[in-house]
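The structure under discussion appears below in the form of structure tokens.
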Amino acid sequence: MLPHEPESVVAKLYQKFRLAEPGNSIRLLALLPGEGPKLKATIFCVDLSSSPVYEALSYVWGEMEAKTNYFIEIEGTNMEITPNLYRALQALRMQESSRVLWVDSLCINQNDNKDKEIQISMMVEIYRSAQHVAVYLGEPNAGGLALFSFLNRNFHEEDSVDKAIEDFGPGERDIRELLEAYVHFCLLPWWNRIWVQQEYSLSRTNPTFHLGRN
């Protein structure tokens, strides 16, 4: 991976995209299309009163890793990000078109306390104004894909769990794996975040939950 830029270079990036009207303006990230390990994006400022079209990302920051560094190139500047955010952006990136996102750790200048104070105070409005909320839960365990298939099945409210499992068709071993995946799913760090209820409840539409690339 490329080395990250010094703080002075990062500061210049945010200086270039200074918010014109603090308290009403936000930065948005345009995640550029592509494949492979390298992430690229552009950033721009918008006024919330102009009804910008974007998705708000809900995720757990997670910790930096000691042995491996993860980056996203924004306007030619290499920004170091947490492994969990790197995986989230990999999961959300499209192949042929940009995806406009609000991502707190990148759209807020984390080295500017005033910027953080103003933007954090706007969180309710930011999530309420987003066209959609994308929730990145993390990476799946061994049975994660089968679990998501099961949770996304078509069902009727009167259907019993036994009938749902019968319709799904796994064997005893697969059911055990499904239950283990469900326990893992319920223990994912996202469910314990303070902001979860706010980010979920403010979404205009039902949020989309992402487990890895699913």
Side-chain angles (χ1 to χ4, degrees), residues 1-5 9-19 25-48 50-62 64-65 68-111 115-116 119-120 122-123 125-140 148 190 193 195 199-200 202-214:
M1 286 289 201
L2 295 172
H4 65 85
E5 305 285 4
V9 176
V10 175
K12 287 181 180 178
L13 173 66
Y14 286 106
Q15 182 71 18
K16 181 180 178 182
F17 296 98
R18 177 184 290 182
L19 298 174
S25 300
I26 62 171
R27 300 180 189 90
L28 291 175
L29 187 81
L31 183 61
L32 300 180
E35 296 181 84
K38 189 170 182 61
L39 293 169
K40 289 187 176 184
T42 60
I43 198 167
F44 59 99
C45 300
V46 296
D47 191 319
L48 279 180
S50 67
S51 301
V53 177
Y54 67 96
E55 297 173 84
L57 175 62
S58 177
Y59 71 108
V60 175
W61 279 34
M64 294 291 191
E65 290 183 2
T68 306
N69 301 103
Y70 296 86
F71 300 91
I72 181 171
E73 183 184 308
I74 302 176
E75 304 285 345
T77 298
N78 291 313
M79 303 276 289
E80 187 171 7
I81 56 178
T82 64
N84 200 52
L85 177 55
Y86 175 83
R87 296 181 188 111
L89 295 177
Q90 282 281 354
L92 292 173
R93 181 177 59 179
M94 297 187 286
Q95 293 185 5
E96 299 182 356
S97 58
S98 297
R99 190 165 191 169
V100 179
L101 302 165
W102 185 82
V103 183
D104 57 358
S105 64
L106 296 173
C107 295
I108 299 175
N109 184 354
Q110 299 300 321
N111 295 320
D115 195 69
K116 287 197 291 185
Q119 294 291 287
I120 289 173
M122 296 174 61
M123 293 278 280
E125 193 59 32
I126 289 171
Y127 277 88
R128 181 183 290 146
S129 299
Q131 271 61 45
H132 189 69
V133 172
V135 177
Y136 179 75
L137 296 170
E139 293 298 297
F148 248 43
W190 184 86
R193 290 183 65 241
W195 295 99
E199 295 170 356
Y200 181 89
L202 290 173
S203 179
R204 292 185 184 181
T205 58
N206 290 330
T208 302
F209 288 84
H210 297 262
L211 189 63
R213 294 178 182 269
N214 300 280

Atom CD in E55, atom NE2 in H132: separation rounded to 0.5 Å?
-> 6.0 Å

Which atom of Y136 lies closest to which atom of G212, heavy atoms considered = CE1-O, 3.7 Å

For K12, look at atom NZ and say whether over 12 heavy atoms of other residues, nucleotides or ligands are found less than 6.0 Å away.
-> no

Between OH of Y70 and CG of N84, what distance do you get to the nearest 0.5 Å?
-> 10.5 Å

Say you draw a straight line from CG of L211 to CD of E139; how long is it, rounded to the nearest 0.5 Å?
-> 7.5 Å

L13 CG to R18 CZ distance, which is reported to the nearest 0.5 Å = 13.0 Å

L48 versus M122: any side-chain heavy-atom pair under 4.5 Å?
-> yes

Shortest non-hydrogen contact between I74 and M79, atoms and distance | CD1-CG, 3.9 Å

Determine the sole option in L31, L85, L57, I43 for which the side-chain contact (heavy atoms from CB on, under 4.5 Å) test with L106 is passed.
-> L85

Expected output: side-chain T82 to main-chain W61 donor-acceptor under 3.5 Å | yes

Residue list, side chain to side chain donor-acceptor pair (under 3.5 Å) with Y54, at least two apart or on another chain = none

Inspect the surroundings of CZ in R204 and state if more than 12 heavy atoms from other residues, nucleotides or ligands are less than 6.0 Å away.
-> yes

side-chain contact (heavy atoms from CB on, under 4.5 Å) between V53 and V100: does it pass, once the steps are laid out?
-> CA-CA 8 Å; V53 177; V100 179; over 6 Å; no

For the residue pair R87 and Q90, confirm or rule out a side-chain donor-acceptor distance under 3.5 Å.
-> no

Closest approach of L92 to R99 (non-hydrogen atoms, all atoms of both residues) | O-NH1, 2.9 Å

Report the distance from atom OH of Y14 to atom SG of C107, rounding to the nearest 0.5 Å.
-> 7.5 Å

In terms of heavy-atom contacts, R27 and I108 come closest through NH1-CA, 4.0 Å

With a 4.5 Å limit on heavy-atom distance, are the side chains of V103 and I81 in contact?
-> no

To the nearest 0.5 Å, atom CG of L39 lies from atom CG of N78 at 11.0 Å

Ring-ring centroid check W102 Y127, cutoff 6.0 Å = yes

Under 3.5 Å, is there a donor-acceptor pair between the S105 and Y59 side chains?
-> yes

Heavy atoms only: give me the nearest S58-W190 pair and the separation to one decimal.
-> OG-NE1, 2.9 Å

Shortest non-hydrogen contact from D104 toward Q110 | O-NE2, 3.1 Å

Which residue pairs satisfy the salt bridge (charged side-chain N to carboxylate O under 4.0 Å, His left out) criterion with at least one member in residues 125-137, sequence neighbours excluded?
-> E125-R128

N/O donor-acceptor pair under 3.5 Å between D115 side chain and N109 backbone | yes

